[in-house]
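The structure appears right after this line, and notes come after that.
Fair warning: this is a prediction, and the values are worked out from it, not measured in the lab.
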Amino acid sequence: MLASIYRFLGGDNPFRAIAYENASRSVRELSKDISFYDKQGTLTDIQGIGKSIESDIKEFLTTGVIGKLEKLKHKVPIELLELMDITGFGPQSLKTIYKKLHLQTKEEVIRALEDGSIQKLKGFGPRKVENLLRNLKLHKTLESRMLLYDALLEAEGIINLLSPLTNVKKIEMAGSLRRRKETIGDIDILIAAPVKARKKIIDFFVSPTLASKTLARGETRASIILKANQRQADIRIVEEEEWGSALQYFTGSKAHNIHLRSIAKGKDFKINEYGVFNIKTTKRIGGRTEEEIYNSLQMQMIPPEMREDHGEIELALNHNIPSLVRLQDIRGDLQMHSNWSDGQLSLDDLVEYVRTNFKYEYIAITDHSKSSRIAKGMDEKKFLKQISAIEEINKRLGTSFLKSGAEVDILSDGTLDLSDEVLAQLDWVTASIHVGFKNDNTKRLVRACQNNYVHCIGHPTGRLIGKRESYPIDFNKLLEAAKETGTLLEINAQPNRMDLHDEYALLAQEKGVKLVISTDSHKASDYDFMKIGLSVARRAWCKPEHIANTLSWKELKRLFTKK
DNA sequence: GCCGTTTTCGGCCCGACTGTTTTCAGTCG
């Protein structure tokens with residue numbers, strides 16, 4: 001809020017607004033609550049927080065308000081500032097509208113746009129007014145973001161259409177999509193093509209095949225609203241020799257790039273989307289590959305998933321970038337549902353499909369337990385029957401590929417929905433909470449960890465992105481319990497779960513709690529979700545050693561000798 | 001307002017696109 005007020009006030013010091021924006025972003029991205037840092041007295045260790053903002057935060061934590069903000073609120077049309085979230089409404093335009101027409105609310109602005117009074121102002125022509133109105137409308141439909149998985153599918157579709165065009169030398173996703181953020185605002189695609197080929201590529205991109213609206217089009221870039229899902233997609237076209245610098249630039253994040261550029265500046269280099277340049281000689285040093293960009297600053301190449309300016313640049317300068325876990329490191333999927341409960345495939349079909357399409361060494365069938373009625377949960381008797389069925393299939397195939405398992409419900413008191421006798425006979429037990437989202441579930445989860453037959457806690461926070469918040473939970477207590485009992489935590493790879501999310505997965509990784517990436521699949525197309533879980537792990541800076549299902553089955557079971 | 005491997009003062013990423021101008025300001029990513 002302070003950031004947008006200062007942005008609006010602008011004037012003598014525009015950098016104050018930027019400072020507040022930076023601080024606000026840092027606080028938003030903290031893994032722990034801000035009061036934690038206050039208690040520790042480490043607020044000013046947070047990037048972007050100095051003496052002044054520290055005292056603002058302290059004031060807010062003790063009194064619930066910031067005096068400075070309350071005063072400023074009376075100096076600016078506070079309701080108008082909301083409009084700055086909408087494309088086209090910058091501080092200067094709003095200021096003009098406010099000063100000349102004395103408008104106070106969003107509704108008044110919309111009316112003034114429609115009745116032509118804004119168009120009479122200097123700098124507001126008919127096109128601008130039309131765009132502002134259109135962006136206002138658009139903002140409503142674009143409020144929610146895409147899930148990573150949906151955005152990936154959409155982007156792959158666009159790439160498949162564009163890549164066969166003449167002279168498309170290279171094409172790749174960029175932006176938050178390439179960094180694999182859990183939700184995506186718009187789809188960014190980068191293309192390498194010679195100048196003469198660009199017009200045809202852009203013509204195709206903005207054509208009705210893909211676009212329902214063209215937002216902007218130039219010689220090197222274009223923005224459209226996709227026909228398929230009414231989301232925004234952008235393309236940029238560069239020369240092949242600019243590929244690395246352009247890909248680096250358009251992948252971001254913004255904070256990562258700004259940090260990188262300031263380092264470059266200190267070395268008398270300049271980085272832009274066209275390459276790395278020596279400022280003094282104006283000579284181009286590199287830019288054909290991303291490696292050239294980072295290497296020119298004596299840095300290691302940084303994987304896209306790490307580029308958030310959360311300390312990865314310092315790691316790269318010290319050549320300490322971890323070798324992140326890769327898809328080919330994953331040796332098995334440990335949460336899969338069959339048609340014995342709510343899955344679609346029979347055990348036979350499931351095994352055949354996975355063995356044909358994946359190179360796994362093992363998979364665990366983890367059907368639901370009896371209290372999950374809606375999911376056709378199974379009782380003890382049925383689990384015993386399934387164990388024999390699995391044995392029979394393994395025997396017939398001459399392998400031990402298929403592991404018997406369960407996704408057992410954690411009941412309200414923290415006990416489990418299956419008897420220890422049956423749990424003891426299963427190869428793999430994941431325990432999850434499926435009901436009771438309102439109460440603090442820390443105790444339930446800790447008790448589940450303490451059960452000797454539980455290997456893993458499934459979707460530990462219970463959130464559904466955009467639909468349901470996590471149930472209340474003291475995550476640090478869960479981490480302690482997991483660490484103490486040697487219980488693993490799941491990165492559930494369902495696109496709308498991604499649970500643990502990247503920040504919690506990072507905390508677990510730092511604490512030495514091992515993680516498991518599982519698809520929680522219910523049908524054949526779900527098996528692909530593994531890559532979603534993998535991107536969470538990579539955003540949490542996980543190496544293979546942090547992920548238990550990169551181990552062979554023998555090594556995996558050895559983790560539980562304590563239990 | 002924040003920050004520091006040239007700096008505790010003087011910087012703060014940088015180029016494309018749009019629309020309104022008639023050479024550029026505003027906005028975005």
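Rounded to a whole Å, the CG atom of A:N135 is 11 Å from the C1' atom of B:dC28. Remark: C1' of B:dT18 and CZ of A:F89 are 15 Å apart, rounded to the nearest angstrom. For A:L215 and B:dT18, the CG to P distance is 10 Å, given to the nearest whole Å. In this structure, A:L177 atom CG and B:dG29 atom P are separated by 16 Å, rounded to whole Å. Between the C1' atom of B:dT20 and the CG atom of A:L132 lies a distance of 13 Å, rounded to the nearest Å. As a whole-Å value, the separation of A:K213 NZ from B:dT18 P is 17 Å. Atoms NZ (A:K181) and C1' (B:dG29) sit 14 Å apart, rounded to a whole Å. Atom CZ of A:R221 and atom P of B:dC14 are 16 Å apart (whole Å).
Distances were taken from every side-chain heavy atom of A:A19 (C-beta onward) to each of B:dC17, B:dT20, B:dC2; the shortest belongs to B:dC2. Between B:dA16, B:dC13, B:dG1, one nucleotide has an atom nearer to the side chain of A:K68 than all others, and that is B:dG1. Side-chain proximity of A:P91 to B:dG1, B:dA16, B:dT27: nearest is B:dT27. For A:A216, the listed nucleotide lying nearest its side chain is B:dC17; candidates were B:dT20, B:dG1, B:dC17. Residue A:Q92 has its side chain nearest to B:dG26 when only B:dG29, B:dG1, B:dG26 are considered.
Checking the phosphate oxygens (OP1, OP2) of B:dG1, a side-chain nitrogen or oxygen of A:S52 falls inside 4.0 Å. Regarding contacts with the backbone of B:dG15, a side-chain N or O of A:K270 is found under 4.0 angstrom from either OP1 or OP2. For B:dG19, the OP1/OP2 oxygens have a side-chain nitrogen or oxygen of A:R127 closer than 4.0 Å. The side chain of A:S223 contributes no N or O atom lying less than 4.0 Å from OP1 or OP2 of B:dC17. At B:dC2, none of the side-chain N or O atoms of A:Y6 fall inside 4.0 Å of OP1 or OP2 (strictly under the cut-off). Checking the phosphate oxygens (OP1, OP2) of B:dG15, a side-chain nitrogen or oxygen of A:N272 falls inside 4.0 Å. For the OP1/OP2 pair of B:dT27 and a distance below 4.0 Å, the side-chain nitrogens and oxygens of A:T87 include no atom meeting the criterion. Within the structure, a side-chain polar atom (N or O) of A:N131 is placed less than 4.0 Å from OP1 or OP2 of B:dG19.
Separation of the P atoms belonging to B:dT21 and B:dG26 is 12 Å when rounded to the nearest angstrom. Taking the C1' atom of each, B:dG11 and B:dT6 are spaced 13 Å apart, rounded to whole Å. Going from the C1' atom of B:dC13 to that of B:dT8 covers 23 Å, rounded to whole Å. Separation of the C1' atoms belonging to B:dT20 and B:dT27 is 14 Å when rounded to the nearest angstrom. When the P atom is compared between B:dC28 and B:dT23, the two are found 26 Å apart, to the nearest whole Å.
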Can you list the steps and then say if A:E308 with A:R539 is a salt bridge (Lys or Arg N to Asp or Glu O under 4.0 Å)? CA-CA 9 Å; A:E308 300 290 348; A:R539 285 181 60 83; 3.0 Å; yes

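With hydrogens and angles left out, the side chain of A:Y249 and the base of B:dG15 share no donor-acceptor pair within 3.5 Å.
Rounding to the nearest 0.5 Å places CZ of A:F36 at 11.0 Å from CG of A:L43.
Among the atoms of the strands shown, none is found under 4.0 Å from any heavy atom of A:L94. When heavy atoms are screened at a 4.0 angstrom cut-off, A:Y20 is found touching the sugar-phosphate backbone but no base atom. Nucleic acid contact class of A:K254 (heavy atoms, under 4.0 Å, all strands): base. In this structure, A:I53 reaches the sugar-phosphate backbone alone: every heavy-atom distance under 4.0 Å involves primed, P, OP1 or OP2 atoms, never a base. Counting any heavy atom pair closer than 4.0 Å across all strands shown, A:G88 reaches sugar-phosphate atoms only and no base atom.
Judged by Watson-Crick or G-U wobble contacts below 3.5 Å, the nucleotide B:dC24 has B:dG19 as its partner.
A salt bridge links A:R307 with A:E290: the closest approach of a Lys/Arg side-chain nitrogen to an acidic carboxylate oxygen falls below 4.0 angstrom. A salt bridge between A:E182 and A:R463 is present, with a side-chain N of the basic residue lying under 4.0 Å from a carboxylate O of the acidic one. Remark: A:R231 does not engage A:D186 in a salt bridge, criterion side-chain N to carboxylate O under 4.0 Å. Ion pairing between A:R198 and A:E239 holds under the 4.0 Å rule for side-chain N and carboxylate O. In summary, A:E242 and A:R288 do not engage in a salt bridge, as defined by a charged side-chain N under 4.0 Å from a carboxylate O. Using a 4.0 Å cut-off between a side-chain N of Lys or Arg and a carboxylate O of Asp or Glu, A:D188 and A:R236 qualify as a salt bridge. Taking 4.0 Å as the cut-off between side-chain N and carboxylate O, A:K106 and A:E79 do not count as a salt-bridged pair. The residues A:E70 and A:K73 are annotated as salt-bridged, a charged nitrogen and a carboxylate oxygen being separated by less than 4.0 angstrom. A salt bridge links A:E156 to A:K531: one of the charged nitrogens lies within less than 4.0 Å of a carboxylate oxygen.
Both A:E54 and A:R134 lie close to DNA chain B; mapped to their nearest nucleotides by heavy-atom distance, the more 5′-ward contact belongs to A:E54. When the nearest nucleotides of DNA chain B are assigned to A:P126 and A:A17 by heavy-atom distance, the more 5′-ward of the two goes with A:A17.
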Show me the protein contacts with nucleotides 3-9 of chain B, counting only N or O atoms at under 3.5 Å.
from: B:dC3; atom 1: OP1; to: A:G48; atom 2: N; distance (Å): 2.9

All N/O pairs under 3.5 Å across the protein-nucleotides 21-24 of chain B interface:
none

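Ring pair A:Y149/A:F529 is perpendicular by interplanar angle, where above 60° counts as perpendicular and below 30° as parallel.
Listed by first and then second residue, the salt bridge (charged side-chain N to carboxylate O under 4.0 Å, His left out) pairs that reach into residues 203-222 of chain A are A:K199-A:D203, A:D203-A:R217, sequence neighbours excluded.
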